[in-house]
Amino acid sequence: MDIPLICNDSALSQKAKILRKKWGFLSTQSDHFQLHLLPEYLALEQKDDPKQGLVFVDFVSGSVAHRRKFGGGKGQAIAKAIGLKPGVQVDVIDATAGLGRDAFVLASLGCNVTMIERSAVAAALLEDGLERAYLNLEIGTWMKQRMRLHFGSASEYLQHHQTGVVYLDPMFPHKKKSALVKKEMRVFQGVVGEDLDADSLLEAALNAARYRVVVKRPDYAPFLNDKKPTMSIKTKKNRFDVYVKQAMPQNKS
Ligand SMILES: C[S@@+](CC[C@H](N)C(=O)[O-])C[C@H]1O[C@@H](n2cnc3c(N)ncnc32)[C@H](O)[C@@H]1O
């Protein structure tokens, strides 16, 4: 999908030019989706449905920051699914980074996370969020150490990289009008589309992971590639299907 990047601030026009060239964004207006380069952040807008609001990545003060402070730490289902243990730093490839929320939870719990994202829009939003987080006094130091982004295909990346854990959260068609689907995800899904190749990603992930692969699914979705996991950890709306290859070492990943 061709997406324009709009910038009405003359102080940012050079940056807008660089971003258009880097990510292949257009400079013309669109009636559907468009990106806005604002002084505060880069944001995605669904122009034909403005009540959905702007989508942007905010690791410093958004809902993910709130979850970092008050979200239950290593007792959370995602931490149990990854197999986090005190004093063990786990290397994770988040092969379906999206807006980076799960990756940020894992990094804030101490994981060393490489995010892979193939959508130019998602990757540009993520890069913008990362740049601001790296400069932040409270989280900048550990964000730079623990969270990075690779733009490209995860199946290709996984062919050449081994890691402790691979995390997958491919886009799954949401139930129509579900109140549980956040506005943000609805807009985002419109741009990114469905991940129709997700089944094959599981095999690539299983080859690349030394210890386990964790797949996040809505509670009503079938197993990825119809493959039964070693165990499933359920939350209110989702399920983490865990494919264990071998036990994690006690004090090094
Ligand atoms: C449901 S979203 C992930 C949301 C993410 N877990 C979060 O917390 O924000 C799925 C994302 O994975 C990306 N994706 C899916 N398959 C991919 C692949 N094979 N390589 C790279 N990115 C992929 C999609 O472009 C989309 O942005």
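All values below come from the heavy atoms of this structure, side chains included, with hydrogens, waters and symmetry mates left out. Note that ligands are numbered from 1 as they come in the structure, with each ligand's atoms numbered from 1 the same way.
Atom NZ of Lys227 has 12 or fewer heavy atoms from other residues, nucleotides or ligands within 6.0 Å. Under a cut-off of 6.0 angstrom, the local environment of NZ in Lys17 is sparse, with at most 12 non-hydrogen atoms contributed by other residues, nucleotides or ligands.
In this structure Tyr157 satisfies the ring-ring contact (aromatic ring centres under 6.0 Å, His included) test together with His150, His161, sequence neighbours excluded. In this view, Glu40 and Leu38 satisfy the side-chain contact (heavy atoms from CB on, under 4.5 Å) rule, not counting sequence neighbours.
Applying the side chain to side chain contact (heavy atoms under 4.5 Å, CB included) test between Val215 and each of Leu201, Asn225, Val166, Leu168 identifies Leu168 as the sole match.
With atom 21 (C) of ligand 1 as the reference point, the heavy atom nearest to it among His150, Gln189, Arg118, Glu156 is part of Arg118. Looking at Leu99, Asp94, Val191, Asp169 and measuring to atom 10 (C) of ligand 1, the nearest heavy atom belongs to Asp169.
Under 4.0 Å from ligand 1, not a single heavy atom of Ala103 appears.
Polar contact check, Ala154 against ligand 1: a nitrogen or oxygen pair lies under 3.5 Å apart. The shortest N/O to N/O separation between Asp102 and ligand 1 falls below 3.5 Å.
Salt bridge absent: Lys15 and Asp9 never bring a charged side-chain N and a carboxylate O closer than 4.0 Å. Taking 4.0 Å as the cut-off between side-chain N and carboxylate O, Arg101 and Asp169 do not count as a salt-bridged pair.
When hydrogens are left out, the protein atom nearest atom 27 (O) of ligand 1 is Glu117 OE1, 2.7 Å; that is the closest non-hydrogen contact. Closest to atom 3 (C) of ligand 1, if we only count protein heavy atoms, is Thr96 O, 3.2 Å.
Against a heavy-atom cut-off of under 4.0 Å, Gly100 is close to the following atoms of ligand 1: 7 (C), 9 (O). Atoms of ligand 1 lying under 4.0 Å from at least one heavy atom of Ala97, given by number and element, are 5 (C), 7 (C), 9 (O). Shown in contact with Phe188 at under 4.0 Å from a heavy atom are these atoms of ligand 1, numbered in order with element: 27 (O).
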